[in-house]
Protein chains: 2
Amino acid sequence: MPRVVDRTARRSEIAAAASRVFVERGVANTSVSDIVKSAGVAQGTFYLYFATKDDVVMAVVDEMAGRMIAGITAAVDASGSTAVEKFLGLRDVLMAFDVDATAVELADFMHRPENRPLHDRMAEHFVPALIPLMESIVVQGVAEGVFNVRDPRAAAWFVLGGLQSAELSGTPVADMPAAIKAVTGFSLRALGYTAVGS
Amino acid sequence: MPRVVDRTARRSEIAAAASRVFVERGVANTSVSDIVKSAGVAQGTFYLYFATKDDVVMAVVDEMAGRMIAGITAAVDASGSTAVEKFLGLRDVLMAFDVDATAVELADFMHRPENRPLHDRMAEHFVPALIPLMESIVVQGVAEGVFNVRDPRAAAWFVLGGLQSAELSGTPVADMPAAIKAVTGFSLRALGYTAVGS
DNA sequence: AGTTTATGACTGACAATCAGTCATAAACAC
DNA sequence: GTGTTTATGACTGATTGTCAGTCATAAACT
């Protein structure tokens, strides 16, 4: 039998190299030739593992998104035990977006204008990936008797969309506290929030 | 005085030609050479009116978005006079998205995978462009005493984001009526809706 | 142990394509 | 006829994706 290689591992190696070069030079300014030089493989090898340049971009985005989602999930779990606490935790992460230092760096990179395609694809992964988390919070809240929602899945979509949209609204930093408060109010009203015992 | 040409008109001509070719072949598969051939001008002429290929893509998107926004605004105005009627009109347009036949065709085109960049840029224009319309509806509702909102601008962002997100949730056609009803409920709750006189 | 052979991984020069430039010409105004 | 703006299209440099062939490995067979 011939020489055998772990295809998945090889793919990851090349994707990791691509990721490094992307961060250095920006996605648009990176050529496939740059990537293979950084990965230490030949141009042809690249095309054994990725169909197109766009393919590797998507792979990198998926991997980044996955790590961010994991970080967010952890942060939410750490933010409290009740549904409302978890909701507020998720809101904070989404609005402020400071899970840790690398996340901030990543966010900066993603918002560079030449990396728009990357940003857009990421955003598209984001809300869907957070749906299960948000939905579980809503379900928990209903069970606790603080939320009043017939369709938790739909509620998760709606509220996450609202939160993300608010993040995009370009609110001046000075007005952020007020904006966050407003958005919180809208979300809780949408979820039919009533304090326990009232 | 030197030779004079209506620069804006010329730009529009080339953009219109670009738009035609984009619809035929997709944005990514269209070269600048294709555009100039269709417009009947030389390659150099193109660069007198657009800095880059991306520049003409943006121009086409802006023009499309503008027409769609205008159509939506008209549809909303025609849907009723009260804030709630207008809100429901806007919701219908956003969820069903059938302003007219050409809009459907356009939507198909925009959702072709190879036109993703176009779609993303369009989406980015969309919510911001609808904010004034939504905000005016909210303000009217507050004046009518049916909505209870402190910050109409923030409410507009939140609700529009929620509506758009719901549209992206990939609800099966069969479940759409229920989903629309759910989304409507979330929106009205977020806006603090109470029927007049209650 | 040594030789052959089968197989997939890998290579890098190369073809094809395309965005953007530039030297030159035409059209017009005065 | 001089000056200024618009227009031209051949050209360049760079980049993506391909392909004919090499290389390393291990099984199969002597």
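What you see is a predicted model, and the numbers here were worked out from it, not measured in a lab. Reminder, nothing fancy here: chain letters follow the sequence lines and each chain counts from 1.
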With sequence neighbours excluded, tell me which residues meet side-chain hydrogen bond (donor to acceptor under 3.5 Å, both in side chains) with [X].
X	result
B:Arg67	B:Glu63
A:Lys53	none
B:Ser169	B:Thr171
A:Asn148	none

For this session: Identify, with sequence neighbours excluded, every residue that meets salt bridge (Lys or Arg N to Asp or Glu O under 4.0 Å) alongside A:Asp54.
Result: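 Only A:Arg121 meet the salt bridge (Lys or Arg N to Asp or Glu O under 4.0 Å) criterion with A:Asp54.
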
Exercise. Which nucleotide sits closest to the side chain of A:Arg10: C:dC10, D:dT6, D:dT8?
Worked result: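 Nucleotide nearest to A:Arg10's side chain: C:dC10.
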
Exercise. Residues from residues 15-34 of chain B sitting under 4.0 Å of DNA chain C, heavy atoms only?
Worked result: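 Heavy-atom cutoff 4.0 Å gives B:Thr30, B:Ser31, B:Val32.
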
Problem set entry | Sorted by number, the residues of residues 47-54 of chain A with heavy-atom contact under 4.0 Å to DNA chain C |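 Those residues are A:Leu48, A:Tyr49.
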
Using atom [atom1] of [X] as one end and atom [atom2] of [N] as the other, report the distance to the nearest whole Å.
X	N	atom1	atom2	value
B:Gln43	C:dA23	CD	C1'	16 Å
A:Lys37	C:dT11	NZ	C1'	15 Å
A:Ile14	C:dC10	CD1	P	8 Å
B:Phe46	D:dC11	CZ	C1'	18 Å
B:Arg11	D:dA7	CZ	C1'	18 Å

Exercise. Which residues pass the side chain to side chain contact (heavy atoms under 4.5 Å, CB included) test with B:Leu88, sequence neighbours left out?
Worked result: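 B:Leu88: side chain to side chain contact (heavy atoms under 4.5 Å, CB included) contacts with B:Val84, B:Arg91, B:Thr184.
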
Got a sec, which pairs hit ring-ring contact (aromatic ring centres under 6.0 Å, His included) with one end in [range], sequence neighbours left out?
range	answer
residues 28-47 of chain B	B:Phe46-B:Phe50
residues 165-187 of chain B	A:Phe158-B:Phe186
residues 8-34 of chain A	none

For this session: For the helix from C:dA1-D:dT30 to C:dC30-D:dG1, figure out the bend between the end axes, five pairs an end, and round to 10 degrees.
Result: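 That helix gives 10° between its end axes.
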
For this session: Examine the side chains of A:Thr52 and A:Asp55 and answer whether a donor and an acceptor come within less than 3.5 Å of each other.
Result: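 Checked: A:Thr52/A:Asp55 side chains show no N/O donor-acceptor pair below 3.5 Å.
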
Exercise. Which distance, rounded to the nearest 0.5 Å, do you find between the NE2 of A:His125 and the CG of A:Asp62?
Worked result: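 So the gap between those two atoms works out to 4.0 Å.
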
